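The model shown is predicted, which means the values in this text are computed figures rather than measured ones.
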Amino acid sequence: QVQLVEFGGGLVQTGGSLRLSCAASGRTFSMYTIAWFRQAPGKEREFVAGIKYNDGTIDYQDSVKGRFTVTRDNALNTVFLQMNMLEPQDTAVYYCAARNGALLRQELGYVAWGQGTQVTVSS
C-alpha cells in the first residue's frame, strides 16, 4: 500500500505563497487518485483539491479556485499543491491522501494519509 509524506508547510504572511509536496512510496503511485485535505483548529477536515489517477481531472474547493494549483509528477511519485495569495483562513494542517478509484471529494474511501503539515498565514 502506498505511504505518503507531506513537505513544505510553514508560516507566511497574507498574500504570500507556499508549495506543498506529497511524496509517495510504492510502484503503483500512478494508479491512485490523490487529494489534499485540510483541518483548521476547531473545524472538521475538508477537501481542498485533488487530481484523479485515470484522466488527470482536477477539482478544487471553491474558496481556493484561482489561488491553488495541484499537479502530479508520476515519475517522481509526488503531488504538489501550489498555494498563492494565501489568506488567514487558509491556516490549517494540510494532509494528502490516496485512494483507489476516481472519486475526489468524499473523504471515505481514502486508504492512505500523510502525517500532515502545518500552514499558518499571518494577517
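By the side chain to side chain contact (heavy atoms under 4.5 Å, CB included) test, Gln115 pairs with Val5, Glu6, sequence neighbours left out.
Taking the ring centre of Tyr53 as origin, the terminal cationic atom of Arg99 falls outside the region bounded by 6.0 Å and 45° from the ring axis. Stacking of Arg45 on the aromatic ring of Tyr95 is recorded, both the 6.0 Å distance cut-off and the 45° axial limit being met. Note that Arg105 lies outside the cation-pi zone of Phe47, set by a 6.0 Å cut-off to the ring centre and a 45° limit from the axis.
Between Arg67 and Asp90 a salt bridge is recorded (basic side-chain N to carboxylate O distance below 4.0 Å). Electrostatic pairing of Asp55 and Lys52 does not count as a salt bridge here, judged by no charged N lying under 4.0 Å from a carboxylate O.
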**OP:** Please test Gln61 against Glu46 for side chain to side chain contact (heavy atoms under 4.5 Å, CB included), starting from the C-alpha separation and ending with a verdict.
**Re:** CA-CA 9 Å; Gln61 182 197 107; Glu46 63 179 1; 3.2 Å; yes
**OP:** Give the intermediate values and the outcome of side chain to side chain contact (heavy atoms under 4.5 Å, CB included) for residues Val93 and Arg38.
**Re:** CA-CA 5 Å; Val93 177; Arg38 66 186 180 187; over 6 Å; no
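Follow the hydrophobic side-chain contacts under 4.5 Å out from Phe80 and you never reach Val2; the two are in separate clusters. Cluster annotation: Leu81 is not connected to Leu11 through the hydrophobic network of ILVMFWY side chains, with a link wherever side-chain heavy atoms come within less than 4.5 Å.
Here the CG-OG1 distance, from Asn100 to Thr33, works out to 8.5 Å after rounding to the nearest 0.5 Å. To the nearest 0.5 Å, atom OG of residue Ser122 and atom CG of residue Leu86 are 10.0 Å apart. To the nearest 0.5 Å, atoms CG (Leu76) and OG (Ser21) are separated by 9.5 Å. Note that the CG atom of Asn74 and the OG1 atom of Thr28 stand 10.5 Å from one another [nearest 0.5 Å]. To the nearest 0.5 Å, the span separating OG1 on Thr69 from CD1 on Ile58 amounts to 8.0 Å. Between the CG atom in Leu20 and the SG atom in Cys96 there is a gap of 9.0 Å [rounded to 0.5 Å].
In this structure, Tyr110 contributes its side chain and Leu104 its backbone to a donor-acceptor pair below 3.5 Å. Checking side-chain atoms of Thr91 against main-chain N and O of Val121 turns up a donor-acceptor pair under 3.5 Å. Proximity of a side-chain donor or acceptor of Asn77 to a complementary backbone N or O of Gly26 within less than 3.5 Å is detected. The closest donor-acceptor contact from the side chain of Gln39 to the backbone of Lys43 lies under 3.5 Å.
For Asp73 against Phe29, the heavy-atom pair with the smallest separation is O-CE2, 4.3 Å. Between Ala98 and Leu4 the shortest heavy-atom distance is N-CD1, 3.7 Å. Ala40 and Ala92 make their closest contact through N-CB, 3.8 Å (heavy atoms, listed as atom of the first residue, atom of the second, distance).
Chaining together hydrophobic side chains whose heavy atoms lie under 4.5 Å apart leaves Leu108 on its own.
Between Asn84 and Ser17, the side chains place a donor N or O and an acceptor N or O closer than 3.5 Å (distance only, hydrogens not considered).
Residues Thr71 and Gln82 form no side-chain contact, since every pair of their non-hydrogen atoms from C-beta on lies 4.5 Å or further apart. Considering only heavy atoms from C-beta on, Val70 stays 4.5 Å or farther from Arg72 through its side chain. Between Thr78 and Cys22, every side-chain heavy-atom pair lies at or beyond the 4.5 Å cut-off.
Counting heavy atoms of neighbouring residues, nucleotides and ligands inside a 6.0 Å radius, atom CD of Gln3 does not exceed 12 of them. For Gln13, the CD atom counts as loosely surrounded, since its 6.0 Å shell holds 12 or fewer non-hydrogen atoms of other residues, nucleotides or ligands.
Ring geometry, Phe37 versus Trp113: the interplanar angle falls from 30° to 60°, so the pair is classed tilted. Between Tyr94 and Phe68, the ring planes are tilted. Angles from 30° to 60° get that label.
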